[in-house]
Protein chains: 2
Amino acid sequence: MQHHTKIFSDVPNSAVDWRAKVDFREHATGCPWHDCKTFLRDVGLRPTRQRLLLGWVLFSKGNRHVTADMLYDEALAARIPVSLATIYNTLHQFTQAGLLREISATGGRAYFDTNPSEHHHFLVEDEDVVMDIPEGGHELLVDKVPDAPEGYEIERVDVVVRLRRSGEQIR
Amino acid sequence: MQHHTKIFSDVPNSAVDWRAKVDFREHATGCPWHDCKTFLRDVGLRPTRQRLLLGWVLFSKGNRHVTADMLYDEALAARIPVSLATIYNTLHQFTQAGLLREISATGGRAYFDTNPSEHHHFLVEDEDVVMDIPEGGHELLVDKVPDAPEGYEIERVDVVVRLRRSGEQIR
DNA sequence: ATCCTTGCAAAACGTTTGCACCTCA
DNA sequence: TGAGGTGCAAACGTTTTGCAAGGAT
């Protein structure tokens, strides 16, 4: 809870934006609160105060990469009464509902991406920085996916391009 | 320390095998102990009892993916007197020396691959299974790497193909 | 009224650290 | 002998859990 990941690329992707999702809904009224409620219900989650508010905090700022304690701090800053346990619950429930995507990264903390569509990441491990690989990075990067072994099927392909500051030694 | 990752693909890759490395050395004598000692010295690590024995345990069984506690259990089973702290030290020192490679995976534990060359992994998260993507998987998979952002350069590209058992629902 | 959700504190987990002791060269 | 490796236990940060109280339908 001391130092936070800097996000230096917030590639917008309105297709998976909370507000966009809400707007595309059949019975959208235009009222953010009402729509969010309906939307939460649709993904099978009761629209409780915390989920509504955390959803708002998460999805109202474009695509981002958050950790549990980042979201916790934001929630506190926004005067949302919420416990850390609920933060974790909510992040996992949203992930399960397909609203978030967990990022493959080494290291203690789990990152959640508010853009759950198939795309990949740059990672600067030493600096705790995660950023999207921009535009077309997915198609560009993964050309041919290998067959899954017997009895398994591919769920998704994650690509992490690790970066270091230019000129640094390989240590 | 309770349940362990099953490895179901130990793709052999003698180029990065400890024994092979030792054999390729200039002054290899054929005596595993002597050669390992020399080899450790070459990568800048004092050939202590623990490093020698852990190196042997790690690299004498083909390529594998181990966690700290797996290695700890193996060491205990092999009657190697070692502490968990030393296991962590050794794993990191070996990784830094290029003998091991850490695998990008979500979840608490860190996996170390005894094959440090550029290659990628299948991952079955629910079952704690890691396996190599076989033969040519690297060239096949990553076709075109994006440019690194200003001020950074690419250190490496990790691809993780997540699997689930066939026929399972997306949950 | 019922089930689900939340908050809190405590525990679990993997990992790291501090320091005294020991070992290798 | 001196630099550095090791062991132990305690600290750490993140995440999970158990249970009582609160909220949604």
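First the proteins, then the strands, lettered A, B, ... as listed; each starts at 1.
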Spacing of [X] atom [atom1] relative to [N] atom [atom2], expressed in whole Å:
X	N	atom1	atom2	result
L53(B)	dT23(C)	CG	C1'	14 Å
L40(A)	dG23(D)	CG	C1'	15 Å
Q93(B)	dT16(C)	CD	C1'	13 Å
L84(A)	dC8(C)	CG	C1'	11 Å
Y88(A)	dG18(D)	OH	C1'	18 Å
R109(B)	dT16(D)	CZ	P	12 Å
L52(A)	dT5(C)	CG	C1'	13 Å
H92(A)	dT6(C)	NE2	P	14 Å

Q | Any donor-acceptor N/O pair, S104(B) side chain to S104(A) backbone, under 3.5 Å | A |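 Checking the backbone N and O of S104(A) against the side chain of S104(B), no donor-acceptor pair under 3.5 Å is found.
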Q: Return yes if some donor-acceptor pair links the side-chain N/O of R162(A) with the main-chain N/O of V124(A) below 3.5 Å, else return no.
A: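 No: the side chain of R162(A) does not pair with the backbone of V124(A).
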Q: Check L91(A) against L58(A) and note the closest heavy-atom contact, atom names and distance.
A: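 In this case the closest contact between L91(A) and L58(A) is CD2-CD1, 4.4 Å.
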Q | Residue met sooner reading DNA chain D from 5', once R46(B) and T86(B) are mapped to nucleotides | A |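 Nearest-nucleotide comparison on DNA chain D picks R46(B).
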Q.
Can you tell me how far apart CE (M70(B)) and CD1 (I87(B)) are? Round to the nearest 0.5 Å.
A.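 Reported value, rounded in 0.5 Å steps: 11.5 Å.
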Side-chain N,O ([X]) to OP1/OP2 ([N]) below 4.0 Å:
X	N	value
T48(A)	dC4(C)	no
R49(A)	dT5(C)	no
Q50(A)	dG7(C)	yes

(Q) For P47(B) and N89(B), find the nucleotide of DNA chain C closest to each by heavy atoms; which residue's nucleotide sits nearer the 5' end? (A)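 That would be N89(B).
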Q. Toward the 5' end of DNA chain C, which comes first, P81(A) or R41(B), by nearest nucleotide?
A.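 The 5'-side residue here is P81(A).
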Q: Answer yes if the side chains of E127(A) and Y152(B) hold a donor-acceptor pair under 3.5 Å, and no otherwise.
A: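 Their side chains do contain a donor-acceptor pair, which is all the 3.5 Å distance test asks for.
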Q | Nearest to side-chain heavy atoms of A85(A), which nucleotide of dA9(C), dC8(D), dT15(D) | A |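 Per side-chain heavy atoms of A85(A), the pick is dA9(C).
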